[in-house]
Amino acid sequence: MQSDFQEEVVKSEYVQAEDQSFKFVNMPSYNPEQLVEDRLRESIRQSAAQRTVNHQDDPTSVKFHRHQSYNQLQAWMEQVGIDMQQHRQIIKDVYRLLDKRIAISNRSIQNLIHFIKTFVQHEKQNVEYLRTKNNDINKLFQDGQTFYYPKLDETIKEICNYDQGNAIKILNLLDGIDKFIKEKLDFNIEMFETGISIHRDQYRKAFSNFASSSSKLTKYRRRHQGLYLRQMQGESKGKDLYHTERKLINSFLEMAKLQKNMGQAVTRLFDEVKKQEVHRYQIVITSLRMYLDKHVQLSQSKQQQISAQEELIYGLINQLESEQVIESFEVLNFLGPDIVRIVQKMLGKQQLTLPQLQDFLCNYPDAYIKLSSVQENHSLVKLRIKSAQIDCGNVLKTWKPCQIIATIDNNILIYLKENNEFKGKFYCDSSHIVQKTRVPLTAEIKCTKAGFIFDSTKTALLQLEAQDFDSLHGLLFKQPK
């Protein structure tokens with residue numbers, strides 16, 4: 001119950017942090033993924049604490065092999081866990097930096113729109129002034145019916161027409177700006193948010209799956225620890241430590257796979273943010289040029305010449321290029337020297353390119369999760385048959401490659417090779433194997449368990465080599481003829 005509660009807290013905190021980012025405010029000072037980190041770290045600490053017991057057993061005893069296997073697995077998981085934690089931290093750092101860039105970009109485009117709209121509003125106020133002042137000048141030396149100075153009245157009408165013409169020109173220019181804001185800037189906000197949100201949601205889903213997997217790992221780790229301790233005290237007979245260990249390893253590998261998915265998601269987000277930022281930067285350049293164009297046109301409508309300062313601004317705008325955005329997403333500029341040094345150390349490289357960083361984010365777990373140290377020459381395994389097949393069909397025979405494991409807990413375990421699916425456990429003390437055909441050698445392994453009313457029987461049909469059949473036959477109980 002506590003693990004489920006923690007998982008829900010992680011998801012809730014993460015959604016809250018994401019919602020805050022969408023509102024263009026800074027991320028909270030904590031990262032909700034830290035809850036997952038703390039859970040994993042505590043689980044590793046508990047495992048290490050269990051290994052302080054010193055067992056001085058006979059190297060040939062079952063208890064010695066159990067202790068040796070437990071130590072070996074925990075040492076492997078702790079070392080790999082450290083590497084995974086470093087990799088995961090880099091993923092989180094990249095996401096944090098991307099989230100910061102997104103918030104700054106969104107805030108900047110909003111500020112630009114506000115700047116241009118303020119300019120439009122100011123010019124519209126000028127237009128309104130032109131219109132209202134004409135109401136006053138039209139009333140000079142006349143009462144609406146009698147015009148005492150016709151030539152003066154004609155002159156005033158020309159002045160009013162001139163102002164009205166300027167007002168119309170200005171309004172046309174301002175309408176063009178309003179149209180630009182709607183078609184370019186507002187549309188860019190919509191497209192930017194759509195493109196980014198898809199990949200942010202993918203990252204959020206990847207993290208959610210990772211958080212759930214870490215809870216499962218904690219559950220399997222506790223089961224494994226509990227069974228180990230009970231077996232060391234002579235309890236839990238009939239349970240198999242190797243099978244429990246295998247579930248733990250599979251859960252660990254599944255979590256590593258989901259962490260890899262997080263890296264892939266943040267890499268896709270990186271590419272999308274970079275693409276959207278390049279496009280937005282070009283829109284900003286176009287907006288600044290449009291603003292200056294309209295400003296100059298308004299000046300010319302007022303019979304003013306383009307100024308030297310306006311010429312200077314045109315020159316500065318022409319120097320703006322989207323290459324500056326691309327450069328800002330280069331590894332060193334984006335991550336900073338401290339994070340780059342960590343990744344270089346982990347990869348053993350003097351230089352770090354963007355493709356190398358993205359490959360690291362997506363594939364690094366594959367490079368360091370080596371299972372040979374905990375799978376080969378396993379101290380819990382008495383016999384390992386690698387070349388065998390099991391019938392998985394309901395009606396017609398369907399043979400699939402499998403692996404057969406005989407453990408020191410006196411069990412025969414069968415796993416499919418293609419997906420590691422568990423196909424059954426047979427107790428050596430109550431199972432026997434019978435050869436069915438010689439070529440190919442087919443055998444049936446059968447386990448009969450006495451019940452209160454009826455006995456239960458479990459069978460499996462296998463194809464295996466002759467020497468493997470002999471080895472397996474020697475381990476199982478022989479029924480009297």
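Note that the structure is predicted; figures quoted are calculated from it, not measured. One-based numbering along the sequence shown.
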List, one per line, each side-chain donor-acceptor pair under 3.5 Å for residues 265-274, sequence neighbours excluded.
| residue | atom | partner | partner atom | Å |
| --- | --- | --- | --- | --- |
| T267 | OG1 | G263 | O | 2.8 |
| R268 | NE | Q202 | OE1 | 3.2 |
| D271 | OD1 | Q358 | NE2 | 2.8 |
| E272 | OE1 | K275 | NZ | 3.4 |
| E272 | OE2 | Q276 | NE2 | 2.9 |

- Task: Nearest 0.5 Å please: distance from the CG atom of L332 over to the OG1 atom of T353.
- Result: 12.5 Å

- Item | Any donor-acceptor N/O pair, K458 side chain to K425 backbone, under 3.5 Å | yes

For residues 393-407, please give each side-chain donor-acceptor pair under 3.5 Å, one per line with the distance, not counting sequence neighbours.
| residue | atom | partner | partner atom | Å |
| --- | --- | --- | --- | --- |
| Q403 | OE1 | R384 | NH1 | 3.1 |
| T407 | OG1 | D240 | OD2 | 2.5 |
| T407 | OG1 | D409 | N | 3.3 |

- Message: Would you compute the distance between atom CD1 of I91 and atom NZ of K260 and round it to the nearest 0.5 angstrom?
- Response: 11.5 Å

- On the 0 to 90° scale, with breaks at 30° and 60°, tag the F422-H243 ring pair as parallel, tilted or perpendicular. tilted

- Task: Would you give the length of the straight line joining atom CG of L217 to atom CZ of R222, rounded to the nearest 0.5 angstrom?
- Result: 10.5 Å

- Note on the structure: Taken to the nearest 0.5 Å, the spacing of E444 CD from Q435 CD works out to 12.5 Å

- Message: Run the side-chain hydrogen bond (donor to acceptor under 3.5 Å, both in side chains) test on N106 and Q110 for me, step by step, so that the C-alpha distance in whole Å, both residues' side-chain angles and the decisive distance to 0.1 Å come before the verdict.
- Response: CA-CA 6 Å; N106 284 330; Q110 294 286 1; over 6 Å; no

- Message: Using only atom types and a distance under 3.5 Å, with no angle test, would you say the side chain of S328 pairs donor to acceptor with the backbone of V325?
- Response: yes

- Message: For residues 333-346, which residue pairs pass the side chain to side chain donor-acceptor pair (under 3.5 Å) check, not counting sequence neighbours?
- Response: D338-R341

- CZ on F334 to CG on D93, rounded to 0.5 Å: 10.0 Å

- Message: Between S251 (side chain only) and K247 (backbone N and O only), is there a donor and an acceptor less than 3.5 Å apart?
- Response: no

- Message: So does K386 get a backbone contact from the side chain of K417, meaning a donor-acceptor N/O pair under 3.5 Å?
- Response: yes

- Note on the structure: The side-chain contact (heavy atoms from CB on, under 4.5 Å) partner of F192 among I189, T194, I196 is I196

- Item | Near-ring test Y291/F115, centroid separation under 6.0 angstrom | yes

- Query: With side chains defined as the heavy atoms from C-beta onward, is the minimum distance between R221 and M77 less than 4.5 Å?
  - Reply: yes

- Message: Quick check for you: to the nearest 0.5 Å, what is the distance between E245 atom CD and L241 atom CG?
- Response: 6.0 Å

- Message: Using 30° and 60° as the class boundaries, would you call the ring planes of F360 and H87 parallel, tilted or perpendicular?
- Response: perpendicular

- Query: For the residue pair Y415 and N420, what are the closest heavy atoms and their distance?
  - Reply: CD2-O, 4.1 Å

- So, D99 and R96, do they make that salt bridge, N to O below 4.0 Å? no

- Query: Do the side chains of I116 and I177 get nearer than 4.5 Å, heavy atoms only?
  - Reply: yes

- Message: Checking the side chain of S69 only, and the main-chain atoms of H65 only, is there a donor and an acceptor separated by less than 3.5 Å?
- Response: no

- Can you label the angle between the H224 ring and the Y70 ring as parallel, tilted or perpendicular, going by 30° and 60°? parallel

- Query: Judged by atom type as modelled, is there a donor-acceptor pair below 3.5 Å linking the side chain of S212 to the main-chain atoms of N209?
  - Reply: no

- With side chains defined as the heavy atoms from C-beta onward, is the minimum distance between I408 and R66 less than 4.5 Å? yes

- Message: For Q467, is the CD atom crowded, meaning more than 12 foreign heavy atoms sit under 6.0 Å from it?
- Response: yes

- Item | S105 backbone acceptor or donor facing R280 side chain under 3.5 Å | yes

- Task: Of all the heavy-atom pairs spanning N411 and K239, show the shortest one and how long it is.
- Result: ND2-O, 4.1 Å

